[in-house]
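In what follows, a structure is listed as structure tokens, so that the remarks can point back to it.
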Amino acid sequence: MTAEWLECIACHAQFASTEVRYTCDCGALLSLERPAGFAAKLATRTFDARLASRDDVDRSGVWRFREAVLDVPTSAIVSHPEGATRLYRRPSLSAYAGVEPLAFKHEGENPTGSFKDRGMTVAVTQAVRLGERAVACASTGNTSSSLAAYAAQAGTRAIVFVPAGKISLGKLAQTLAYGALCLNVRGDFDAAMRLVNKACAKLDIYLLNSINPFRIEGQKTIVWELLQDRGWRAPDWIALPAGNLGNTSAFGKALREALEGGWIDRVPRIAAIQASGANPFSRGFAEDFRTRHRMKAETIASAIRIGDPVSWDKARAAIAETHGVVGEVTDAELLEAKRAIDEAGIGCEPASACSLAGVRKLRAAGTIRPSDDVVCVLTGHVLKDPDVVLHAPGIDRSSQTIEIDPTVAAVEAALANRL
Ligand code: F0G
């Protein structure tokens, strides 16, 4: 087992991993760190051998990599189990993006339907280890669903702060179903985020947003598992949607550690894609990150309707270290890409489709080449936001849903010219 500590990403001050804190005294974010060379002591064949195991901890796509995730006894782990998601390839989507080979890692296949479960299993395990009685987050709906599910499993009180009337019905229902207390904040996600920060500090509640470094440790495994799925052969690009920037940060750390460990021999470039109505990070990238932008966010992709992302500095480092890019796509572009993914029989929620829409645009701009090897991460399940499937602008399902009398003649009439 390796020793672990929390370390400031700016001034490198160190704190015990059992201390409850999310930022350094200097104000910068904290990262969970281990002794130099730790990753090189871990062999990918150990991770590969666990694929054949019947043990839940080995089968979890997070805890399969446990030596590089969190140093706790396996008996202390709160796991559903999560991860072990699939990679999809579809000729129609390669043609749509203009890129081949192209694959999709579908994180919507996690237990609560989004990638958040990978971070939550680690952060809730840490909450239990610290003896926390209540956990909280601000959320656009996926983090809250995941927190609620894992808190229910751990027997911890779950309190979620969501922008009132601004999260999808599926996510709200799911969060309530698992038993969380839902505070509908009159304001946007950024207001809910500021509020939960202050409330947790004052009321001694453990904060489970991705500002919590233990969330990032779990989300690293999206990248490790996709590398493992590919026999530890790095792609040229990994594309993902970007909102609060926790996942972009986690991908950067995962790639740094995989390279240090010799698990891969080169680093893929990260393409972080925002919605153009919620694009502070993309604006920052366009001007070499001279300014930390903050904005009032608006997009149909409610999951990433975020104007003041908390993990900015970590994500900026991830883009720099991987020679990555930050792109943006309009609502029309992400909806069109979502439709292509849905009609390929895969399906995803609107924010997830930013990855494909972004790759198509980067290909058209010549940043991505036609023969580049690309993996898009789909972050959430199609059922997370049924309203967009049925009622988004430009969507007309009337020719697809026909009410009929219960007669064969009515079926025949409905199927005329359609068989
Ligand atoms: N995709 C989906 C489906 C999400 O739910 C989120 C974030 C992202 C992408 C962006 O990831 O924030 O790490 O950059 N959802 C958060 C939530 C904000 O509350 O569920 P990020």
Side-chain angles (χ1 to χ4, degrees), residues 29 105-110 112-120 123 136-149 160-163 166-168 170-172 174-175 180 182 185 188-190 192-193 196 207-212 215-216 218-220 222-223 239-254 270-275 278-282 297 299-312 314-316 318-319 326 329 334 338 341 347-358 376-385 388:
L29 298 170
K105 179 77 170 160
H106 206 328
E107 288 297 302
E109 296 178 344
N110 271 289
T112 76
S114 84
F115 72 97
K116 304 289 183 181
D117 294 340
R118 294 201 185 242
M120 209 51 78
C137 69
S139 182
T140 55
N142 278 329
T143 304
S144 59
S145 301
S146 184
L147 177 147
V160 306
F161 294 59
V162 302
K166 298 282 187 193
I167 73 169
S168 78
K171 295 176 189 179
L172 178 64
Q174 192 183 10
T175 301
C182 197
V185 181
D188 58 13
F189 169 84
D190 300 296
M193 187 67 233
V196 76
L207 180 61
L208 291 188
N209 278 99
S210 56
I211 194 172
N212 183 316
R215 282 270 313 276
I216 303 296
Q219 287 174 210
K220 293 186 305 191
I222 301 171
V223 166
L240 81 164
N244 216 15
L245 300 178
N247 225 17
T248 305
S249 306
F251 281 29
K253 192 166 190 276
I270 292 178
I273 312 296
Q274 297 209 286
N279 65 349
F281 195 54
S282 164
T299 164
I300 195 161
S302 58
I304 51 171
R305 197 183 285 144
I306 297 173
D308 185 11
V310 297
S311 292
W312 182 285
K314 285 184 181 177
R316 193 186 54 180
I319 296 299
V326 185
V329 294
L334 73 87
K338 171 177 156 54
I341 294 164
C348 67
E349 70 162 284
S352 306
C354 284
S355 53
L356 176 61
C376 286
V377 175
L378 300 177
T379 44
H381 197 279
V382 65
L383 287 177
K384 285 284 192 172
D385 199 343
V388 167

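Note that ligands are numbered from 1 as they come in the structure, with each ligand's atoms numbered from 1 the same way.
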Across all chains, not counting sequence neighbours, the side-chain contact (heavy atoms from CB on, under 4.5 Å) partners of A254 are K220, V223, W224
Logged contact type for T248 with ligand 1, heavy-atom cut-off 4.0 Å, is neither
Logged contact type for E349 with ligand 1, heavy-atom cut-off 4.0 Å, is side chain
Taken in chain and number order and not counting sequence neighbours, the residues that satisfy ring pair (Phe, Tyr, Trp, His ring centres under 6.0 Å) with F251 are none
*Cut-off 3.5 Å, side chains only: do Q174 and K384 have a donor facing an acceptor?*
yes
Note: L240, heavy atoms under 4.0 Å from ligand 1, region reported as neither
Fit a plane to each ring of F281 and W312, take the angle between them on a 0 to 90° scale, and name the class: parallel (under 30°), tilted (30 to 60°) or perpendicular (over 60°). perpendicular
Within the 4.0 Å heavy-atom cut-off, what N244 brings close to ligand 1 is both
Atom 7 (C) of ligand 1 has as its nearest protein heavy atom K116 NZ, 3.0 Å
(request) Output yes when E349 and K338 qualify as a salt bridge under the 4.0 Å nitrogen-oxygen rule, no when they do not. (result) no
Counting heavy atoms under 4.0 Å, the part of A242 that contacts ligand 1 is backbone
Heavy-atom proximity to atom 14 (O) of ligand 1, picking from S352, C348, G243, C137, points to G243
